[in-house]
Amino acid sequence: MFNKKTIRDIDAKGKKVLVRVDFNIPLKDSIVGDDTRIQAALPTIKYLLDQGAAVILCSHLGRPKGGPEEKYSMKPVAEHLAKCLGMKVAFASDCIGPDAESAAKMLKSGEVLLLENTRFHAEEEKNDMGMAKQLASLADLYVNDAFGTAHRAHASTEGVTHFLPGVAGFLLEKEIKYLGQAVTDPKKPFVAIMGGAKISDKIGVIKNLLSKADTILIGGGMANTFFKAQGYPVADSLVEDEALETAKTLLKEAGTKLRLPVDLVLADKFDAEAKSRITPAGPVEDGWRILDIGPETVKAYAQVIEGAGTVVWNGPMGVFEFPRFAEGTYGIAKAVAASNAVSIIGGGESVAAIQQSGLANKITHISTGGGASLEMLEGLELPGVAALQDK
Ligand code: AMP
């Protein structure tokens with residue numbers, strides 16, 4: 001249940017509306033790369049324009065060190081957005097201060113302004129109330145549509161709501177509905193697929209899902225730490241020794257709910273051209289490392305996925321960036337795409353994998369937020385959402 005007010009609940013006509021979007025997208029030499037996050041924000045922007053609002057957008061981009069840096073400027077994003085919307089997008093060279101204030105003042109109903117990178121001010125990440133107040137002074141209403149940053153209490157995501165009434169945009173609402181429902185009221189059986197490099201990033205998620213999911217399928221580098229916790233040597237495989245005790249506890253608590261790969265693809269080095277071989281799960285010989293799940297595991301996991309009511313997937317099953325070690329991830333992608341389950345994919349790398357496999361259109365919901373989607377699956381409340389007005 002989504003219990004926050006959304007843009008449907010406000011009267012935006014003739015108002016200046018500050019919208020926090022997540023335009024943290026790949027930029028190379030001022031050229032916009034994958035623009036999924038811009039596309040995902042368009043419904044909210046268009047709706048507000050149709051309602052007769054003047055739309056002031058703000059976002060962070062990359063990791064500037066608290067001051068302006070040309071390579072993280074939002075200017076190219078403004079140009080790209082103008083193309084996507086088919087209209088002029090004004091740009092202010094700062095997100096607060098005189099330039100932002102005069103640009104916001106001049107903005108009329110039906111027009112769009114994009115402010116410069118919010119992280120050009122160190123105060124943004126400190127959730128500084130002075131900065132939040134200045135941002136808020138640009139508008140009459142605040143909308144948060146930046147799911148990817150909603151797990152951070154920053155000046156533009158949380159602080160600003162102390163000075164302006166805040167509601168959710170369509171993207172934020174959609175993300176919270178799908179991810180929230182998966183953890184609170186999933187269609188059963190509920191199957192979680194967890195992969196990626198490390199256990200440590202996802203311990204909280206696995207713990208929370210143990211009480212909610214019917215089965216947790218483990219793959220990727222994180223399986224190695226579980227193998228080592230079971231007492232198998234994993235040779236040169238990626239392993240997190242500091243997470244061994246946690247892995248042991250999780251294995252004990254999970255019982256048969258947690259499934260580990262039954263076969264593996266080994267490589268003789270971490271390289272796209274490495275020699276490889278398939279082997280049943282067990283002790284790994286010296287000189288070898290685990291880089292993917294094997295075909296029997298794909299078959300076994302696919303059977304579980306086929307019978308699922310809800311599938312949540314975070315993290316690739318192997319080093320899918322090397323084609324030779326991508327079969328496990330693509331096999332699972334195919335199984336998820338083929339199932340009739342409500343399917344939700346979160347986390348940058350698994351989203352990239354599903355897009356590369358050409359199966360993205362078969363997935364119910366692809367999340368735009370990595371860290372934020374993990375925190376949702378962990379059962380945490382996101383500060384950027386908590387700060388919005390209740391329904
Ligand atoms: P994450 O960001 O935690 O989802 O991790 C994604 C990364 O995990 C990808 O770049 C994969 O290459 C990497 N990965 C998956 N499986 C393995 C493995 N068996 N060994 C090393 N890295 C892996």
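Counting from 1, the numbers follow the sequence of the chain as shown. This structure is a prediction, so every number in the text was calculated from the model and none was measured. Read the numbers this way: they start at 1 and go in the same order the structure lists the ligands and their atoms.
Short contacts between ligand 1 and G196, defined as distances under 4.0 Å to a heavy atom of the residue, involve ligand atoms 1 (P), 3 (O), 4 (O), 5 (O), 6 (C), 8 (O). Using a 4.0 Å cut-off to heavy atoms of I290, the atoms of ligand 1 that qualify are 18 (C), 19 (N), 20 (N). Using a 4.0 Å cut-off to heavy atoms of P316, the atoms of ligand 1 that qualify are 4 (O), 6 (C), 9 (C). Residue G220 approaches ligand 1 through these ligand atoms, each under 4.0 Å from one of its heavy atoms: 16 (N), 19 (N).
By the 3.5 Å distance cut-off applied to N or O atoms, A197 is counted among the residues near ligand 1. Considering backbone and side-chain atoms alike, E349 places every N or O at 3.5 Å or more from each N or O of ligand 1. Considering backbone and side-chain atoms together, D292 places no N or O closer than 3.5 Å to any N or O of ligand 1. Note: no N/O pair closer than 3.5 Å links F270 and ligand 1 by distance alone. Residue G221 has at least one nitrogen or oxygen atom sitting less than 3.5 Å from a nitrogen or oxygen atom of ligand 1, judged on distance alone.
Taken together through direct or relayed side-chain contacts under 4.5 Å among Ile, Leu, Val, Met, Phe, Trp and Tyr, L238 and I199 form parts of separate hydrophobic clusters. Under the 4.5 Å side-chain heavy-atom criterion for ILVMFWY residues, a single connected hydrophobic cluster contains both L135 and L113.
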Inset, instruction - Show the numbers, then the answer: is there a salt bridge (charged side-chain N to carboxylate O under 4.0 Å, His left out) between E245 and K248? - result: CA-CA 5 Å; E245 285 312 310; K248 280 183 195 162; 3.4 Å; yes
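Distance CG/N224 to CG/L260: 10.0 Å, rounded to 0.5 Å.
At the shortest separation from atom 9 (C) of ligand 1 among protein heavy atoms lies E321 OE2, 3.3 Å.
Side-chain contact between H154 and T118: absent, with no pair of heavy atoms (C-beta onward) separated by less than 4.5 Å.
Of all the heavy atoms of R289, none lies under 4.0 Å from any atom of ligand 1, so neither backbone nor side chain is involved. Of all the heavy atoms of V319, the ones lying under 4.0 Å from any atom of ligand 1 are found in both the backbone and the side chain.
Side chain to side chain, E175 and T368 meet the donor-acceptor criterion of an N or O pair below 3.5 Å.
A donor-acceptor contact shorter than 3.5 Å links the side chain of N127 to the backbone of G159.
Residue pairs meeting the side-chain hydrogen bond (donor to acceptor under 3.5 Å, both in side chains) criterion with at least one partner in residues 70-85, sequence neighbours excluded, are D35-H80, S73-E116.
Pairing each heavy atom of A40 with each of P43, the nearest pair is O-CD, 3.5 Å.
Residue contacts with ligand 1: K202 is included, with a non-hydrogen atom under 4.0 Å away.
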